[in-house]
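Remarks on the structure that follows.
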Amino acid sequence: MSIWGRIGDFIARLSSSASSGIAEMVEAVRTVFAGDAELRRRVAFSVAMIALSAKMAKADGIVTQDEIRAFREIFEVPPEEARNVARLYDLAKQDVAGYEAYAAQLARLCGSGHRNCMMLEDILDGLFHIATADGVLHEREGRFLHHVAEIFEIEENHYQTIMARHVHLGEGDPYVVLGIERGKPFAEIKTRYRQLVAANHPDRLIARGLPQEFIRIATTRLAAINAAYEMIERDLAPA
């Protein structure tokens, strides 16, 4: 069964009172998938992405067609499961709890407990992909994403690296994307680039619980890393 079928089962088991709070939704993920840690991680990631996407839309107040398209690029949902995803999205959007409560609870569900947790970075990358689909990171979206990163305990310099994959930050942009200081020897930059490519290979993302259906996040991230390296290489590579 695909991850969407599993999420459908999960939503079907939610009690009617779950629509009033994230706490019960999180507890349902823990309970329903208690016997399968890997499946629980995959479902938790999916629930986090959908719920925080809904909260971001509510915080911004506007959902553009570009953002809907970007959402569907990440969430390649089979037609027969679309209603389940829509229901989960609506539950999160209508919940009276603020997005801070969602981010905190979902961080505990998905995270490793350490700063710069990679699975939480995956979620933030997906949210950036949706937020910038119209070519602009709007002020409310920016505040939302920055605060979510703080709740996720993603350090500021690491947050800037994630943002640089989606938003042009000026002349130093490619160095920020690679997380390396301008002025470093080209050999060191090349080593850093290779480390990032290895760390962000789709197989690595799947291994830490990212469902196959979400590999768009990995391909977008790698594209940004490759583009940044190519820009630096043109300027610094030996003749």
Side-chain angles (χ1 to χ4, degrees), residues 3 7 10 22-23 25-30 33 37-59 70-71 74-75 88-89 92 95 97-132 137 141-167 176-179 195-196 198-222 224-225:
I3 189 67
I7 290 173
F10 159 69
I22 179 61
M25 188 185 296
V26 168
E27 187 55 37
V29 173
R30 287 199 184 98
F33 303 102
E38 181 179 353
L39 180 58
R40 186 173 65 246
R41 283 196 302 272
R42 295 176 70 211
V43 172
F45 175 87
S46 306
V47 168
M49 278 295 308
I50 296 167
L52 287 175
S53 295
K55 285 298 186 183
M56 184 167 66
K58 185 174 182 179
F71 184 93
I74 295 178
F75 300 91
L88 182 55
Y89 186 93
D95 191 348
Y99 73 85
E100 298 89 348
Y102 265 64
Q105 295 247 21
L106 292 167
R108 287 192 286 272
L109 186 65
C110 304
S112 62
H114 302 294
R115 288 183 175 273
N116 300 326
C117 168
M118 287 300 296
M119 181 173 277
L120 298 181
E121 179 178 339
D122 295 334
I123 294 169
L124 198 60
D125 247 333
L127 294 173
F128 262 111
H129 178 72
I130 295 168
T132 59
L137 181 64
E141 292 170 329
R143 288 200 302 266
F144 175 92
L145 291 166
H146 192 263
H147 197 187
V148 167
E150 290 176 335
I151 295 168
F152 282 180
E153 295 191 312
I154 292 175
E155 295 169 348
E156 182 62 26
N157 62 341
H158 197 61
Y159 172 77
Q160 292 294 323
T161 294
I162 298 167
M163 182 166 65
R165 295 199 283 257
H166 303 273
V167 180
V176 178
V177 171
L178 298 187
Q195 290 171 342
L196 287 173
N200 290 286
H201 190 279
D203 287 349
R204 290 286 186 94
L205 275 71
I206 293 171
R208 64 174 174 260
L210 193 72
Q212 292 225 7
E213 293 87 344
F214 291 81
I215 293 307
R216 174 68 187 229
I217 293 173
T219 56
T220 300
R221 182 182 296 170
L222 277 176
I225 291 168

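The basis for the numbers below is simple: all heavy atoms, side chains too, and nothing from hydrogens, waters or symmetry mates.
Scanning both residues, Arg40 and Arg30, for their nearest heavy atoms gives CD-CA, 4.0 Å. Nearest heavy-atom pair, Tyr89 versus Ala57, reported as atom, atom and distance to 0.1 Å: OH-CB, 3.3 Å. The shortest non-hydrogen separation linking Asn200 to Ile225 is ND2-CD1, 3.7 Å. Residues Leu127 and Met49 share a closest heavy-atom pair of N-CE, 4.1 Å. The heavy-atom pair separating Ala51 from Leu106 by the smallest distance is CB-CD1, 4.2 Å. When all heavy atoms of Leu124 and Leu145 are compared, the closest pair comes out as CD1-O, 3.8 Å.
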- [ ] Could you walk me through whether Glu153 and Leu120 pass side chain to side chain contact (heavy atoms under 4.5 Å, CB included), step by step?
- [x] CA-CA 9 Å; Glu153 295 191 312; Leu120 298 181; over 6 Å; no
TODO: Start with the C-alpha gap between Leu137 and Met163, add the side-chain angles, then the distance that decides, and say whether side chain to side chain contact (heavy atoms under 4.5 Å, CB included) holds.
DONE: CA-CA 10 Å; Leu137 181 64; Met163 182 166 65; 4.3 Å; yes
Open item on the list: What verdict does the side chain to side chain contact (heavy atoms under 4.5 Å, CB included) test give for Met56 and Tyr99, after you've listed the backbone C-alpha separation in whole Å, the side-chain angles of each residue and the deciding distance to 0.1 Å?
Closed with: CA-CA 8 Å; Met56 184 167 66; Tyr99 73 85; over 6 Å; no
TODO: Run the numbers on His158 and Arg115 for side chain to side chain contact (heavy atoms under 4.5 Å, CB included), then give the verdict.
DONE: CA-CA 10 Å; His158 197 61; Arg115 288 183 175 273; over 6 Å; no
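Atom CG of Leu222 is separated from atom CZ of Arg165 by 9.5 Å, given to the nearest 0.5 angstrom. Atom-to-atom distance recorded for Ser53:OG and Ile74:CD1 is 6.5 Å, nearest 0.5 angstrom. Atoms CD and CZ, from Glu121 and Phe128 in turn, are 11.0 Å apart once rounded to the nearest 0.5 Å.
His146 and Tyr159 have perpendicular rings, their planes meeting at more than 60° on a 0 to 90° scale where under 30° would count as parallel.
Residues Ile151 and Glu100 meet the side-chain proximity criterion, which asks for heavy atoms closer than 4.5 Å. Put simply, the side chain of Phe144 reaches to within 4.5 Å of the side chain of Lys55, judged on heavy atoms. Here the side chains of Ile130 and Glu141 are not in contact, with every heavy-atom distance at 4.5 Å or above. Side-chain atoms of Asp125 and His166, non-hydrogen and from C-beta on, do get closer than 4.5 Å to each other.
In terms of modelled atom types and a separation under 3.5 Å, the side chain of Thr161 and the main chain of Val176 share a donor-acceptor contact.
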